[in-house]
Each structure stands twice: as C-alpha cells, then as structure tokens.
There are 2 protein chains.
Amino acid sequence: MVNKKLEKNKKIKSGDNSDVYHHGNLREELLDIALEVLIEKGVSDISLREVAKRAGVSHGAPYRHFKDKNILLGSLARRGFNQLATELSNVISDYPGDPQKQLVEAGVVYVRLAIASPELTQLMFGGRIDGDCWDSIEEDVGENAFQSLLNIVINGLNADIYKNEDSMSIALACWTSMHGLAMLYSAGQLDISSDHFDPDSLSRMISDMLLYGLLK
Amino acid sequence: MVNKKLEKNKKIKSGDNSDVYHHGNLREELLDIALEVLIEKGVSDISLREVAKRAGVSHGAPYRHFKDKNILLGSLARRGFNQLATELSNVISDYPGDPQKQLVEAGVVYVRLAIASPELTQLMFGGRIDGDCWDSIEEDVGENAFQSLLNIVINGLNADIYKNEDSMSIALACWTSMHGLAMLYSAGQLDISSDHFDPDSLSRMISDMLLYGLLK
DNA sequence: ACCTGAACACCGTTCAAGT
DNA sequence: ACCTGAACACCGTTCAAGT
C-alpha cells in the first residue's frame, strides 16, 4: 500500500533516525569536516583520505555518500552558493524601496563572503568542478544568487533610475565588478591590511564609480 | 685566461650549444611541455611526472631546474604575466592620444587572454601559487601589467577626461571589472557561444557602462 | 544498508649513485 | 654539472569481504 519509491535518489531529511550503524549522518559530517580541511589546507591540498580520517571512518567510506571527490567538493560549493543567495536576498529586504542602496550593499556582501571564506570562494568560482556536477548545482542555487542580483536591478528599472533598459547588461556589469574584486581578495592578490584597499569602502567606491561613471 | 664563472645561475641563451649532456636546455623545454600539459589537463591535474615523461627524462630531473612543482608553475605564470604586460603596453602605442580607447581596448585584451588561455589565467590568478614564489614574480612582471593600466589612466588624467583624480581608484575600478569578466570566462561560468555574452562586445559594453555610469 | 581494508595506479620529493 | 632510479609517504578509486 505504501509507495516507497517516491523519493528515489534523495536522502531522508528528518534528523530523528539515529539507528544508522556507525555515524548517524556521515554525509553531513563529512561535508562539515571537508569545509574545515578546505579552510585549513586550501582547494588544491584537500584530500578525501584526510577528511575520512578526521571523521573516524575508513578512506573508502565517503564513497558510499559521494560518487567521487568532485561531487563532494561540488556539494561544498553548493553550500557556498546557498549562503550567497540567502545573503543577497536579505539585502533586498534590508533596504526596501532603495534599489541603489540594494545594489551597492549586494556588492559589499559579495566581497565580504570572499574575504570571510576565500578558499570556499576559490572553490565556487575557481573552475575546478566538473561539468556534470556544475549543472546540478547551477540549476538549484547558482542561478538563485544571480536571480537575486537581477531582482535588485529590476527594482531599479521599476524605479526608473537606470539609463540602460536591459536588466541583463546592468546585472552583468555589476556582477563582474564585484566578482573581480572578490576574486582578487580571495586569491590574495589584494592586500586587506593596506589603507588603500579596505574591502567595504573599496567595494562601495567601485560601485559608485560604476553608478555615476568615470568620465566628466 | 678565460673566466667561466661570469654567468652563474643563468643558462646560456644562444642556441648554438648542443654539448650539454642530454637535452640542450631542459629548463625551457620543461616549461614548454608544462604549458602543453596545463592546457590539456588543467591546473589541478598537471603533474611533474607527466611533464618529465613527455620531455623524455626521469621524474627526478626537473628538480635540477626547479626547486619544486610550485616554482615551475610560478615560472609558467610569469610567462603569462609577461604576455599580458606586453599586450597592455602595446595597446597604449596602438591608440596614441586616445586614453579612453586605450582603456576600453586594454579591457578587451585582458579578457581575450583569459579566453585564449583559460588554464593559464586560472594559474595566474587562481591563488594556487605559494607566497615565496609570488613575491619574486610580482616584482618583475605582475606589477608591470598593472603599471601599464596605471599609465593608461594617467594618460586620461592628463587629458582631463576623468571626474575622479585618484589614478589608483580609477585603475582599480577598471581592473576589477575586466578581471571579473576574465575570471568568469576562464572558469567556464559564462557561455562564450551565447549571443548575450560575446566576449569583445561584452567587455566593451561593460567598460562603457563604467565610463558613462549606470544612473540617469 | 553501510563500512572496512587490501589492492592498484598514480602523485611530489629526496637522495645515493651513476656519467 | 646534470641525470637516473629506488625509496618514501602520500593520493583517488575500486571492490571483495565483513557486520
């Protein structure tokens, strides 16, 4: 009578089942530990074996939960995209009715994430994750973050603040500016401790330049 | 009578000497092959052993020419920075007396390099090269590329085209825009084949937005 | 259903030994 | 001065075998 095939390919989401052999929910624990190792060792030095060792399981165990290393890293990147999407949509509600402020603060949030989690940022945007994995990520959450940006731009278009009328072009211009700044910070190519390069004020300054233009 | 110690630590640059044991100039050959492997396999999958094998030497041989893998990759990145610096300074002489055009076309060149050599771009800006190595690179050539951009901005300041008077701020705003676009392309996060995202016109469009401003 | 541990084919790096 | 090849400590991935 009960159809058990309804949720094929999906893990049970309720946290009540503690009868799962050894580790409760090894999958989530592996992801937590992987994030630790990522922060410690960096994207190119994180190893599945190290993650397994810290979780107290054999090096083969992670393969029951992730097809390979790329899938695990992809899941980690997805977390980052989710966080980014959440924070961007929060910016919209933080400054209702002020699309210009929304745009500037979205940039600040984007750059802050890159500085708070440089290794995660490099993982998300470093181009190291296989195509197979990317597709499933972008559909879910990568698009969500960009959609938040688009919404901010559309808010501005509705308020009639922009010269240009193409939301995509405006969004791309804003994205590339802040993305460049984020990538330079997360790669260590811009010195945070320098006076000239304070993250918050620099991102606001660049946003302002983009909004008002460089030329006389 | 003849002083043979004059060129310590430097390979002879003339191509006439074929009496150097096995390989003439293994150092340069290793770099050439490393670039091939980098393009083929990507930054995270290039291996020193593979490079050595293709060069026809043992896997220990590269260590006579490079302290470790990072130093070899750093030398590769340096090549990229040299190329970028050269092309950027060419842009200045290509459009003498037109600082606005110089700025826009510098962006085009920057983005073109990222599309022509995405793996090299990811190596140069992916934050994967150790600090020790970076320092020696940046002094030489990384600064050169940024200096070319600064020169372009200073040309504009002399021509009195900018609102802002701080060359560093203007240069940073331009750099981050084009850097963001370059990184998105080289990481495969922007689709080259899409109509909306033609590289040359997109970089020019974004530069124009930055120059003239988004707001009414 | 989930985990272990041996096995395989790779790594980067070092170092005595060769020429 | 430059290269070899064994050795070491690591990888990712697979798979029979255990519970």
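Chain letters run A, B, ... following the sequence lines, proteins first, then strands; residues in each count from 1.
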### Query
What does C:dA1 pair with, Watson-Crick or G-U, if both distances are under 3.5 Å?
D:dT19
### Query
At under 4.0 Å between heavy atoms, what does A:S58 touch on the DNA or RNA strands: base, sugar-phosphate, or nothing?
base
### Task
Using both distances under 3.5 Å as the test, list the Watson-Crick or G-U wobble partner of D:dG12, or none.
C:dC8
### B:W175 and B:F146 aromatic ring geometry - parallel, tilted or perpendicular at 30°/60° bounds
tilted
### Query
If we ignore angles and hydrogens, is there a donor and acceptor under 3.5 Å between the side chains of A:S169 and A:D166?
yes
### Query
Does a side-chain N-to-carboxylate-O contact under 4.0 Å join B:E28 and B:R79?
yes
### Query
So, B:R204 and B:D198, do they make that salt bridge, N to O below 4.0 Å?
no
### Query
Can you tell which of D:dT13, C:dG12, D:dT4 lies closest to the side chain of B:K69?
C:dG12
### Message
Between the base of D:dT13 and the side chain of A:R49, is there a donor and acceptor pair under 3.5 angstrom?
### Response
yes
## Note on the structure
Closest of D:dC11, D:dT14, C:dC3 to the A:Y63 side chain is D:dT14
### Message
Please confirm whether the shortest side-chain N or O distance from B:H65 to OP1 or OP2 of D:dC3 is below 4.0 Å.
### Response
yes
### Task
Measure from the side chain of B:E50, starting at C-beta and using heavy atoms only, and say which of C:dC11, C:dC15, C:dA6 lies closest.
C:dC11
